[in-house]
There are 2 protein chains.
Amino acid sequence: MEPHEPDLTAVPVTNVLAALADDVRLQIVRALAEGGEAACGSFDFGVSKATRSHHLRVLREAGLTRTRAAGTSRLVRLRRDELDKLYPGLLDAVLTQRPPA
Amino acid sequence: MEPHEPDLTAVPVTNVLAALADDVRLQIVRALAEGGEAACGSFDFGVSKATRSHHLRVLREAGLTRTRAAGTSRLVRLRRDELDKLYPGLLDAVLTQRPPA
DNA sequence: GGTGTTGTTCGATTATTGTCGAACAAGGGT
DNA sequence: ACCCTTGTTCGACAATAATCGAACAACACC
């Protein structure tokens with residue numbers, strides 16, 4: 001299986017935004033931004049592993065993450081450098097803690 | 001009808017991103033960013049006026065635009081200052097012309 | 001070889017969203 | 001008063017996307 005990690009410049013902005021416009025995926029991105037590389041299983045946000053796998057695929061195919069195999073696990077990391085270069089400020093804006101309610 | 005223009009800080013980030021994650025709406029936002037205030041009818045992007053009205057509602061309810069009546073028209077404008085303050089870099093990142101394909 | 005762990009894929013279901021035409025509402029002319 | 005322009009709202013329908021359980025694949029370890 002090709003990992004389907006597209007060139008970021010080939011991904012429409014709307015796809016990048018759509019990938020970020022989901023609560024579960026945003027939590028994953030936040031976790032990756034803070035903790036660096038992490039195994040898929042470490043993102044336990046109240047969804048089944050099938051759903052989690054789906055969200056990780058969306059993030060990967062939107063060019064937001066890279067995945068590499070490591071034993072039986074798969075390690076995921078944010079493509080932060082590329083994102084910051086192509087969309088400066090986007091990640092920072094999105095990752096900023098929500099203003100106190 | 002209350003125009004439903006929420007306090008930006010009360011809108012979840014995912015809603016803001018979802019509002020931007022649509023091609024028609026992104027074109028509207030780009031037009032507003034360049035041309036300032038504009039009438040609803042000026043956004044002719046190959047959709048019916050019903051659909052256009054729907055998209056403008058989504059943008060308004062996500063806190064991205066403000067609308068005011070002017071005769072039989074309605075003038076729409078970007079809430080750029082507020083957006084830039086709350087999500088610095090977001091609009092700039094999104095409005096930047098896509099890299100040449 | 002067998003067992004457990006970790007993920008992915010498949011098919012089905014449900015929910016959300018984009019789209020339209022038609023009907024309606026508010027104004028501005030003439 | 002009448003009509004035209006400009007938008008909004010109302011169903012309805014189609015397309016997309018989120019979610020799950022179950023089946024499957026790859027690997028590690030005993």
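Quick note on labels: first sequence line is chain A, next is B, and so on, each numbered from 1. In this text, all values refer to a predicted model and were calculated from it rather than measured experimentally.
A search for side-chain contact (heavy atoms from CB on, under 4.5 Å) contacts involving B:Pro6 returns B:Val11, B:Arg79, not counting sequence neighbours. Taking A:Thr72 as the reference, nothing meets the side-chain contact (heavy atoms from CB on, under 4.5 Å) condition, with sequence neighbours excluded. Listed by chain and residue number, A:Leu20, A:Leu59, A:Leu78, A:Leu91, A:Leu95 satisfy the side-chain contact (heavy atoms from CB on, under 4.5 Å) test with A:Val29 (two or more places apart in sequence, or in another chain). Residues passing the side-chain hydrogen bond (donor to acceptor under 3.5 Å, both in side chains) test with B:His55, sequence neighbours excluded: B:Arg25.
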For nucleotides 20-30 of chain D, tabulate all protein N/O to nucleotide N/O atom pairs closer than 3.5 Å, reporting atom names and distance.
residue : atom : partner : partner atom : Å
D:dC20  : OP2  : A:Ser48 : N            : 2.8
D:dC20  : OP2  : A:Ser48 : OG           : 3.3
D:dC20  : OP2  : A:Thr51 : OG1          : 2.8

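Projected onto DNA chain D by closest heavy-atom contact, B:Ala39 and A:Ala21 fall at different nucleotides, the more 5' of which corresponds to B:Ala39.
At the phosphate of D:dA17, neither OP1 nor OP2 sits under 4.0 Å from any side-chain N or O atom of A:His55. One finds a side-chain N or O of A:Ser73 lying less than 4.0 angstrom from the OP1 or OP2 phosphate oxygen of C:dG7.
With respect to the salt-bridge test (charged N to carboxylate O, under 4.0 angstrom), the residues B:Glu5 and B:Arg60 do not qualify. Residues A:Arg30 and A:Glu34 are not paired through a salt bridge, judged by the lack of any N-O separation under 4.0 Å between the basic side chain and the carboxylate.
Look at NE2 on A:His54: it is 18 Å from P on C:dA12, rounded to the nearest Å. Taking atom CD of A:Glu61 as the reference point, atom P of D:dT16 lies 15 Å away to the nearest angstrom. In this structure, B:Arg60 atom CZ and D:dT8 atom C1' are separated by 9 Å, rounded to whole Å. Between the CG atom of B:Asp44 and the P atom of C:dT19 there is a distance of 13 Å, rounded to whole Å. One can place CZ of A:Arg68 at 16 Å from C1' of C:dG7, the figure rounded to the nearest angstrom. Going from atom CG of B:Leu75 over to atom C1' of D:dG7 covers 12 Å, rounded to whole Å. Rounded to whole angstrom, the span from the CZ atom of B:Arg57 across to the C1' atom of C:dG18 amounts to 14 Å. Atom CG of B:Leu56 is separated from atom P of C:dG18 by 13 Å (rounded to the nearest Å).
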List the atom pairs, donor and acceptor, that lie under 3.5 Å between side-chain atoms in residues 37-44 of chain A and the rest of the protein, sequence neighbours left out.
residue : atom : partner : partner atom : Å
A:Glu37 : OE1  : A:Arg68 : NH2          : 3.0
A:Glu37 : OE2  : A:Arg68 : NE           : 2.7
A:Ser42 : OG   : A:Ala39 : O            : 2.6

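As judged by a 4.0 angstrom heavy-atom cut-off over every strand, A:Ala69 is placed among residues making no nucleic acid contact.
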